[in-house]
Protein chains: 2
Amino acid sequence: MRKENSSNAINERQLRGDCGTAYTLQLIGGRWKPSILWRLLDGKLRYNELKKSISGISERVLVLQLRELENDNLVKRIVYPEVPPRVEYELTPLGWSMESMLQHISDWGVMHRKETMARQSGKKKTAVAMADKG
Amino acid sequence: MRKENSSNAINERQLRGDCGTAYTLQLIGGRWKPSILWRLLDGKLRYNELKKSISGISERVLVLQLRELENDNLVKRIVYPEVPPRVEYELTPLGWSMESMLQHISDWGVMHRKETMARQSGKKKTAVAMADKG
DNA sequence: CAGCATCCTTCCTGATACTG
DNA sequence: CAGTATCAGGAAGGATGCTG
């Protein structure tokens, strides 16, 4: 039940068409998506296992994000017609194709953090003054 | 003026510590960040050039995102003490280090979109039924 | 067990008007 | 030109209770 005319939605559409980056970020950019995906890179998981392994996530959000991932064909939802119910989540081939990308992103994040820490403890730049030296 | 005790803030902290992915996404995950970064990969830009090249962004948001990028040491802000004022934005070395990652992300996005389109026009899977065939 | 429905809070984003 | 201040709307996220 979104307002398709809100400027918010319009911008979203534009960006989606823009470059692939924005598009990708829409898919993995939810707050919990990365966590979910990392868990699933270790293998198939049941709903409850997933929930317990991601501390702090609410059921509502977990399900919502899983549904989105499913819609985007990154995750496969497997329902076993048993009692008690059992549902497993697994990466699709497309989901697996993200592995190296996620690794890349993670590595960069770790690197950036290290750099930033070194920076903050060491020095403070005055970028303003540098204009003259160009 | 955030509530540092809200469960929202707590979750944010956890995720930041979690894996590098969440960390990176915090840096480039703003809705407009990718657009800004792509523009700057083509070279230094003035505030107004940036604003005009990203259609739909408001001044407020542009400045906010630029400040964040600056804080995260991805973008350098260069003020020329002139009249009329001139300010240029440029990637830092750390900002440039994102180039291959952004390319990776973008490529994947384009690929995913292609896959998804092919999928939707061709077939519909019944993932539910597949449980039996495992 | 897995998940939906409901209600509520917080945060993000955008429009508009104004300033050095 | 390059912003800042203020205000409002909507979307994302969260808590809780209930169901097959």
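Bear in mind that the values here come from a model prediction, so they are computed numbers and not experimental data. So that the names make sense, note that chain A is the first sequence line, chain B the second, and so on, each numbered from 1.
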A.B. asks: Rounded to the Å, how far apart are B:E59 CD and D:dC7 C1'?
C.D. replies: 16 Å
A.B. asks: Return the nearest nucleotide to the side chain of B:V63; candidates are D:dT4, C:dG3, C:dA2.
C.D. replies: D:dT4
A.B. asks: Take atom CD1 of B:I36 and atom P of C:dT13, then tell me their distance rounded to the nearest Å.
C.D. replies: 11 Å
A.B. asks: So what does A:Q65 touch, heavy atoms closer than 4.0 Å: a base, only the sugar-phosphate, or nothing?
C.D. replies: sugar-phosphate
A.B. asks: With salt bridge (charged side-chain N to carboxylate O under 4.0 Å, His left out) as the criterion, how do A:E70 and A:K76 come out once you've worked through the C-alpha distance, each side chain's angles and the decisive distance to 0.1 Å?
C.D. replies: CA-CA 6 Å; A:E70 203 189 341; A:K76 188 164 63 181; over 6 Å; no
A.B. asks: Within the structure, does a side-chain N or O atom of A:Y47 lie under 4.0 Å from either OP1 or OP2 of C:dC4?
C.D. replies: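 Answer no for this pair, as no side-chain N or O of A:Y47 is under 4.0 Å from OP1 or OP2.
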A.B. asks: Please confirm whether the shortest side-chain N or O distance from B:W32 to OP1 or OP2 of C:dG14 is below 4.0 Å.
C.D. replies: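 So the side-chain polar atoms of B:W32 do come within 4.0 Å of the phosphate oxygens OP1 or OP2 of C:dG14, strictly under.
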A.B. asks: Which nucleotide in the set C:dG3, C:dG14, C:dA2 lies at the smallest distance from any side-chain heavy atom of A:R86?
C.D. replies: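 When the side chain of A:R86 is considered, C:dA2 is the closest of C:dG3, C:dG14, C:dA2.
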A.B. asks: Rounded to whole angstrom units, what separation is found between the CG atom of B:L64 and the P atom of D:dT6?
C.D. replies: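 Those two atoms, CG and P, are 14 Å apart.
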A.B. asks: Distance check: side-chain N/O of A:R46 vs OP1/OP2 of C:dA2, anything under 4.0 Å?
C.D. replies: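 Looking at the OP1 and OP2 atoms of C:dA2, one of them is under 4.0 Å from a side-chain N or O of A:R46.
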A.B. asks: Nearest whole Å is fine: how far is C:dC11 P from A:R31 CZ?
C.D. replies: 9 Å
A.B. asks: Does B:R67 make a side-chain N or O approach to OP1 or OP2 of D:dG3 shorter than 4.0 Å?
C.D. replies: yes
A.B. asks: Ring centroid separation for A:W108 and A:H104, is it under 6.0 angstrom?
C.D. replies: no
A.B. asks: Would you say B:R60 reaches C:dA17's phosphate, i.e. side-chain N/O to OP1/OP2 under 4.0 Å?
C.D. replies: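 So the side-chain polar atoms of B:R60 never come under 4.0 Å of the phosphate oxygens OP1 or OP2 of C:dA17.
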A.B. asks: In this structure, how many angstroms lie between the P atom of D:dA12 and the CD1 atom of A:I57, rounded?
C.D. replies: 15 Å
A.B. asks: Tell me whether the guanidinium CZ or amine NZ of B:R46 lies under 6.0 angstrom from the six-membered ring centre of B:Y89 and within 45° of its axis.
C.D. replies: no
A.B. asks: Provide, to the nearest angstrom, the distance between the CG atom belonging to B:L62 and the P atom belonging to C:dC12.
C.D. replies: 17 Å
A.B. asks: Using atom CD of A:E88 as one end and atom P of C:dA2 as the other, report the distance to the nearest whole Å.
C.D. replies: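 After rounding, the gap between these two atoms is 9 Å.
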A.B. asks: Which listed nucleotide (C:dC1, C:dA15, D:dC1) is nearest to the side chain of A:P84?
C.D. replies: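 Side chain of A:P84 sits closest to C:dC1.
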A.B. asks: Write down the distance between NZ (A:K51) and C1' (C:dC1), rounded to a whole number of angstrom.
C.D. replies: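 About 9 Å, once rounded to whole Å.
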